[in-house]
Amino acid sequence: METADARLIDAQGLDAVIAVLGELGYDTRGPVVRDGAVMPGTVTGVVDLPVGYHDEQAPGHYQLEYRGDNTVFAWAVGPGSWKAELFPPTQELWRATRDGGDLTFSEPDADYRPLALIGARPCELAALDVLDRVLRDGGTPDPHYRARRDGAFIVVAECGVPAATCFCTSMGTGPGADVGFDLALTELDDGAGHRFVVRVGSERGAEVLAGVSSLPASPANLEGRRQVLAAAADATTRQLSVDGLGALLARNLDHPRWDEAAQRCLACGNCTLVCPTCFCSDVRDTTTLTGEIRRQRSWASCFDLDHSYLHGGPVRATTSSRYRQWLTHKLSTWWDQFGTSGCVGCGRCIAWCPVGIDLTEEAAAIRSTDGAVRPGAAPGRVSS
Amino acid sequence: MPADQGVAVPTGLRRGKDRGTRALTPVPYRVVSRRRETDDVTTLSLAPVAGVAMAFRPGQFNMLTAFGVGEAAISISSAPSSSGPLEHTVRDVGTVTHSLCAARVGDLVGVRGPFGTDWGLAEVDDQVDTLHTLGGTTHAHLRGDVVVVAGGIGLAPLRGAVYELLARRSHDGGGVVVCVGARDPSQIVFRDDLEEWTRAGAEVSVTVDVSAPGWTGHVGLVTSVLGDAHFDPSRTTALVCGPEIMMRFTARALTDRGMDPGRIRVSLERNMQCGVAWCGHCQLGPFLLCRDGPVLPYAGIVAHLLTEPER
């Protein structure tokens, strides 16, 4: 996105953007501090955002700290991703009532109040692009996802303060955003004060910004933005080497590292819950006391034994095979299935793993011992 | 059922007139007849409550709903050219399949589909030595002899294919060989069909793993009868469905006889909960089997995945 037309607003201007979106009928959602973490919530103004909050993240570690300064976006992603806004943890698909020997079906409307996602991070935009390929742009679009997604107004907040768990620079998904937003904010907090560079990514973004008092962004402001992003990229020290990664993992399905990771992995599924792209779901039918049948979809995890259940038992009975399924899907077979990486480098699975398993470390371990084979693996296995 | 029926629709819900976008809502079919195949396998014949039955190709599957219980992926076991009802052959192995097997004539069963890849019989009519793509792997099209190898209820998705192949045999000229394996004589499904196929000119062999009183046929694994089957490996396509270990050894026996792995097609199975590549349960390596399978050529990665199953 060209920066030539960029504007400059202050915190009151951001307040006004949120107010305009609310007046236009959007359900304004953004980051709020809840239960000691930055989570998606309803925002009606800057006051609802995590002003003055900072975070510390590490494998198995997440801690918010309130410093009371005026920064709005000086934290990295928390456990709640925007996935839940567009692909809710549970979704009713249909219900049916019995009428003598017949059934009458009804289905929930997909007419949702449009969402405004305020303060989404660039890696989260990338995650929505990944979800789009599964739930919207495949052969059969999910009408509920499509309705929520296509109606959503997105205000991205570029990253100035990455966490130690972030590795978006390896995945090409941050710290800045070039496409996929209606408005993009970059927070500047320098000698000249606390402001936001605003870039416009769509016509409706321009219309919203036109309703707000703003100044043209000066060359100094744009240089300020460039410096914020460069500093954020420099501060992103965690790395995942993606060169040939899909093929590397595909030819190392018998690597001993899977069993070693399984010694630590609790198979709790936290990583799949916090992951902004994990899309697996279960479909369950229930019957009410009045005989009404309901079919509901709910999030599922490949760490659940039932996930691979096939007459008689689970296909992936060991934690080792389930961890391998998750990681190889994210970094390898996702490419085969959807033409993209399933990982956007947000680092949530690292911070929220109770035992601190770090996928970048696991992938690096396999890369450093490419071709190692666990004891007992079938001999003569072909590499693909 | 009439769409304008006077049933109150809850607030925020609407009736599924635009069901085209509601891929997870089943269409009600009625059980018009049922046939017990073995002690735990039942074939249900289904007719739509309204409208005409779906079009499909042999090898595809449907998601069948036992209303109030749940849904399961079940292969279509009838032939598309048959003017009769849509048939599914179900083995009672879990809650949903138990309910389906217990369905009585007149009961409603929900049907969604058809889903997935088919056995690729359409190319037989072309009579042109072109290539086509199945599961991302280009391989020679189906012509010449066809060997059908089934283990147990694996014959269900192949049944329609055998009828199609026999109907075409008059102008295609290729031979049809059917090798069926079952655990014991009581587990042999579609006995009447096996006799009909023999009368229609197919070479049909049946073998059981374990014999029983009264059984005078072959005893041994299906690979043992495959060795005696008459076909020319250089111009044969194989269609294989059964337990993974059976498909693995069958594919090995066929390649040992000189068949190109790309001309061996296998039907693979995993947990399925949507049929439309949303739910993620049917992953097998790079494949989503509801979308890329169930029928895939036994070449490259598929052979690799079947050689070392997940654990």
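Letters go in sequence order (proteins before strands), and every chain restarts at 1. Below, each value reflects all heavy atoms present in this structure, side chains not excepted, and no hydrogens, waters or symmetry copies.
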Check: How about Glu107(A) and Thr25(B): does a side-chain donor come under 3.5 Å of a side-chain acceptor?
Finding: yes
Check: Where do Arg291(B) and Asp336(A) come nearest, in terms of heavy atoms and distance?
Finding: NH2-O, 4.4 Å
Next item on the list: With rounding to the nearest 0.5 Å, note down the distance linking CG in Leu310(A) to CD in Glu269(B).
Entry: 4.5 Å
Item checked: Check: Arg297(A) side chain, Cys279(B) main-chain N or O, donor-acceptor pair, under 3.5 Å -> no
Item checked: Within 6.0 angstrom of Asp39(B) CG, more than 12 heavy atoms from elsewhere -> yes
Next item on the list: Kindly give the heavy-atom pair with the smallest separation between Val283(A) and Gln273(B), and that separation in Å.
Entry: N-OE1, 2.8 Å
Notebook entry, point to check: Which of the residues Gly70(B), Gly94(B), Gly110(B), Ala66(B) is involved in the greatest number of heavy-atom pairs with chain A at under 4.5 angstrom?
Noted result: Gly70(B)
Checklist line | Interatomic distance, Thr140(A) atom OG1 to Leu24(B) atom CG [nearest 0.5 angstrom] | finding: 9.0 Å
Margin query: When you compare the side chain of Arg295(A) with that of Pro26(B), does any pair of heavy atoms fall below 4.5 Å?
Written below: yes
Next item on the list: Can you tell which part of Asp306(A) gets under 4.5 Å to a heavy atom of chain B, answering side chain, backbone, both or neither?
Entry: backbone
Next item on the list: Step through the shown structure and confirm whether more than 12 heavy atoms of other residues, nucleotides or ligands are within 6.0 Å of CZ on Arg104(B).
Entry: no
Note to self: Between Asn271(B) and His307(A), is there a side-chain heavy-atom distance shorter than 4.5 Å?
What the structure shows: no
Check: Among Pro286(B), Cys282(B), Gly280(B), which residue forms the greatest number of heavy-atom pairs with chain A at distances under 4.5 Å?
Finding: Pro286(B)
Check: How long is the span from the OG1 atom in Thr65(B) to the CD1 atom in Ile293(A), to the nearest 0.5 Å?
Finding: 9.0 Å
Checklist line | Top of Pro314(A), Ser308(A), Gly101(A) for chain B proximity - count of heavy-atom pairs under 4.5 angstrom | finding: Gly101(A)
Margin query: With heavy-atom distances below 4.5 Å as the criterion, would you say the side chains of Gln283(B) and Cys280(A) are in contact?
Written below: yes
Next item on the list: Look at the side chain of His311(A) and the backbone N and O of Asp92(B), then say whether any donor-acceptor pair between them is shorter than 3.5 Å.
Entry: no
Next item on the list: Under 4.5 Å heavy-atom distance to chain B, tell me which part of Thr318(A) shows up: side chain, backbone, both or neither.
Entry: both
Checklist line | Interchain contact, Ser332(A) with chain B, by part (heavy-atom threshold 4.5 Å) | finding: neither
Item checked: Heavy-atom contact with chain A under 4.5 Å, split by part of Val69(B) -> backbone
Next item on the list: Go through the atoms of Arg322(A) and report whether side chain, backbone, both or neither lie under 4.5 Å from a heavy atom of chain B.
Entry: neither
Checklist line | Close side-chain approach of Arg30(B) and Asp102(A), heavy atoms under 4.5 Å | finding: yes
Item checked: Within-4.5 Å side-chain heavy-atom neighbours: Leu288(B) and Phe338(A) -> yes
